[in-house]
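Since we're looking at a predicted model, the values are computed, not measured.
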Amino acid sequence: MNAHHFQLPDLSCGHCVAAVTRALQALHPMVQVQADPATKAVRVQAPAALSAEQLAAALREAGYPPA
């Protein structure tokens with residue numbers, strides 16, 4: 001598992017956290033997401049097979065583009 005960090009300016013509430021989590025876990029069920037709307041930070045633990053760009057693309061598609 002690799003750790004990735006993203007800043008998501010549009011992350012503002014629990015609904016946002018749920019949407020981000022669903023989008024990332026759709027890539028792989030082992031993905032773990034820790035998101036903090038207060039700091040707009042997301043930490044993702046993902047299998048090595050998933051690149052940071054793949055994760056960022058999923059976030060953009062979900063409406064939460066990384067800064």
Side-chain angles (χ1 to χ4, degrees):
M1 297 285 267
N2 291 333
H4 302 276
H5 300 272
F6 298 97
Q7 285 299 123
L8 305 181
D10 297 327
L11 189 76
S12 61
C13 65
H15 174 271
C16 298
V17 171
V20 164
T21 300
R22 275 192 308 274
L24 294 172
Q25 288 179 339
L27 295 175
H28 194 287
M30 297 286 292
V31 169
Q32 299 173 2
V33 180
Q34 294 176 325
D36 182 1
T39 62
K40 303 190 181 298
V42 176
R43 182 174 186 267
V44 182
Q45 288 283 107
L50 290 175
S51 70
E53 182 49 44
Q54 288 173 298
L55 297 170
L59 292 168
R60 283 191 295 274
E61 287 178 30
Y64 297 91

### Task
Inspect the surroundings of CE in M30 and state if more than 12 heavy atoms from other residues, nucleotides or ligands are less than 6.0 Å away.
no
Closest contact, heavy atoms only, [X] versus [Y]:
| X | Y | value |
| --- | --- | --- |
| P9 | P65 | CD-O, 3.6 Å |
| L11 | Y64 | N-CD2, 4.3 Å |
| A52 | F6 | O-CZ, 3.8 Å |
| Q54 | L27 | O-CD1, 3.8 Å |
| G63 | D10 | O-OD2, 4.0 Å |

## Note on the structure
salt bridge (Lys or Arg N to Asp or Glu O under 4.0 Å) pairs touching residues 26-44, sequence neighbours excluded, are none
### Task
List for me each residue that meets salt bridge (Lys or Arg N to Asp or Glu O under 4.0 Å) alongside R60, sequence neighbours excluded, and say none if there are none.
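Testing R60 for salt bridge (Lys or Arg N to Asp or Glu O under 4.0 Å), a comparison that skips the adjacent residues, returns E53.
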### Query
Once you round to the nearest 0.5 Å, how far does CG of L50 lie from CD of Q45?
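Result: 12.0 Å between the selected atoms.
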### Task
To the nearest 0.5 Å, tell me how far H4 NE2 sits from L24 CG.
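Rounded to the nearest 0.5 Å, the NE2-CG separation comes out at 10.0 Å.
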### Query
Is the closest side-chain heavy-atom distance between V31 and P47 below 4.5 Å?
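Yes, at least one pair of side-chain atoms sits under 4.5 Å.
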### Task
Determine whether Q7 and P66 make a side-chain contact, defined as any pair of heavy atoms from C-beta on separated by less than 4.5 Å.
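The answer is no, as the side chains (C-beta and beyond) never meet within the 4.5 Å cut-off.
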